[in-house]
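This structure is a prediction, so every number in the text was calculated from the model and none was measured. Labels below follow one simple rule: chain letters A, B, ... track the order of the sequence lines, proteins then strands, and each chain is numbered from 1.
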Number of protein chains: 2
Amino acid sequence: MTRTASEPHSPGAPAETDTIRVAVSTVIFTLRRLAGSDAVQVVLPLVRRTRDPHEGQWALPGGWLDATEGLDAAASRTLAETTGLAPSYLEQLYAFGAVDRSPTRVVSIVYWALLRADEITDGSVENVQWFDAAALPELAFDHNEIVGYALWRLRNKVGYSRIAHGLLADEFTLADLREVYEAILGRRLDPANFRRQVENSGTLIPTDRFRTGSHRPARLYRYNQDVELADRGPLDARH
Amino acid sequence: MTRTASEPHSPGAPAETDTIRVAVSTVIFTLRRLAGSDAVQVVLPLVRRTRDPHEGQWALPGGWLDATEGLDAAASRTLAETTGLAPSYLEQLYAFGAVDRSPTRVVSIVYWALLRADEITDGSVENVQWFDAAALPELAFDHNEIVGYALWRLRNKVGYSRIAHGLLADEFTLADLREVYEAILGRRLDPANFRRQVENSGTLIPTDRFRTGSHRPARLYRYNQDVELADRGPLDARH
DNA sequence: GCAAAAGTGTTCATAGTACACCCATGC
DNA sequence: GCATGGGTGTACTATGAACACTTTTGC
């Protein structure tokens, strides 16, 4: 440790060889029902790279951080530009900055997002394709590692936060909600116990409406906006 | 949304007006027993700024990210250079990048660290002073907000991870461990129940040694290195 | 009627909490 | 002895898992 650093936040740009660029990328999760109509899987959109490095490979949607925008705004903007999507749930995941993760030095601030079924605007965007999160191809850069970490956070957070909200429409049945949990956790849940747990949590308010069409009609619920479960702590106030 | 971004990770540096610099800072926590010898408080080292902006104010230890080092390495290096400390526990906290958080555009990758009692090398470093985390002065930049978030993470994580390890020497009594939890959580814990919970967790291995000196001798324990509690998920493999 | 999903009840195991109590040491 | 913290026992409560059972619809 003989090297000395310049003082942080002092004027004077680093030398040209020290150039470090800041990118922002987002892992966007949503659920998709398979054609067979029983299984539901976690899927995410990827963008095919049109330039080197890793031309032709699939990568997370993202872009360069603009000097005039904050990190959150950059995440929203870049994912809208590359995929046309505007997720309701968006949260910072992690900053990746290994020296060799790209030919040039890039620090990526990665976000993760949840998309409700009604927010999916599929179709018209070029070079975007949806992939099963459990069966990804080899992605550009360290993006496989990044998606793996995002999936871990998703599974972890679904246990103590009410993020399933970010994947459902305004009104939903308990079976809808349970399906979300089952898809994320990758295992079946007891309908009876699930009902009681979620009812006792106080996060749901029952409506007078029912969903009919098959067998006994199921009551529709909506999320109680008043309840804020432990989420991001003090940083939540900024949103 | 009329603006178009260049493709991420493509060559070609941004224009000079787009210059964004990357800094790395660390919130270092440790515990200190007050003179009265009963209460223990969470303290952290701050560095007095010797240049504008915010000259004379206290700030988190940190420095610029070097193009040849990863983020973790930069955190270790900068906190060693500014404080002389080498914490055993170091983990990324969050990336702060609001446009107006500094006169020039700076994205700070913030880490948080835990220092064991035997790792504190107090004294010889200039412009470093320890502060009670619960009673901080007004700090430079957005560092008050950052410390607040780090404290929230500390309190949150002590509940499901065994990070108290990062604040204790190799061998410790259950009273030592309980004291750590009480200082972090800010409330008293029942010694009897605390003992059972931590014994049943399987994270501790009892030694044959006892700490004597006051009343009945207390058995010394050490952490079971084999047990890895839920911590940072897949990212842990990189350490 | 019958299948199937909605919804209720009951039982058991486990984890946390409160608190009474005994044990071993310094003084 | 006695104060004090180390350490054990026990009863109560909350929570989750397992699973039997009733209800209401479509066909």
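Protein atom CD of A:E179 is 15 Å distant from nucleotide atom C1' of C:dA6, rounded to whole Å. For the pair A:L204 CG and C:dA6 P, the interatomic distance rounds to 15 Å; values are reported in whole Å. Atom CG in A:L174 sits roughly 12 Å away from atom C1' in C:dA5 (whole-Å rounding).
Of the charged side-chain nitrogens involved, none lies within less than 4.0 Å of a carboxylate oxygen, so that B:R48 and B:E126 do not count as a salt-bridged pair. Using a 4.0 Å cut-off between charged side-chain N and carboxylate O, A:E171 and A:R209 make a salt bridge. Look at B:R116 and B:D170 and you find no salt bridge, because none of the NZ, NE, NH1 or NH2 atoms lies under 4.0 Å from a carboxylate O. Ion pairing between A:R211 and A:D176 holds under the 4.0 Å rule for side-chain N and carboxylate O. Under a 4.0 Å N-O distance rule, the pair B:R33/B:E179 qualifies as a salt bridge.
By the ring-ring contact (aromatic ring centres under 6.0 Å, His included) test, B:Y181 is found to be paired with B:F194, residues two or more places apart in sequence or in another chain being considered. Under the rule for a ring-ring contact (aromatic ring centres under 6.0 Å, His included), the partners of A:F131 that lie at least two apart in sequence or sit in another chain are A:W58. Checked against ring-ring contact (aromatic ring centres under 6.0 Å, His included), B:F172 has the following partners two or more places apart in sequence or in another chain: B:Y223.
A donor-acceptor pair under 3.5 Å is formed between the side chain of B:T30 and the backbone N or O of B:L115.
Residues from residues 205-213 of chain B lying near DNA chain D, meaning a heavy-atom separation below 4.0 Å, are absent.
Exactly one residue among B:V27, B:L44, B:V47 makes a side chain to side chain contact (heavy atoms under 4.5 Å, CB included) with B:P61. That residue is B:V47.
The ring of A:W112 has its center no closer than 6.0 angstrom to the ring center of A:Y149.
Along DNA chain D, the stretch of nucleotides lying under 4.0 Å from any heavy atom of chain A spans, 5' to 3', D:dG16 to D:dG26.
Evaluation of atom-type donor-acceptor distances gives no pair under 3.5 Å for the side chain of B:R216 against the base of C:dA24.
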| said: For a quick check, with a 4.0 angstrom heavy-atom cut-off, what is the B/S/- contact string for nucleotides 14-21 of chain C, read 5' to 3'? | reply: --SBBB--
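The nearest heavy atom of DNA chain D to B:H215 and to A:P217 marks one nucleotide each, and the one closer to the 5' end goes with B:H215.
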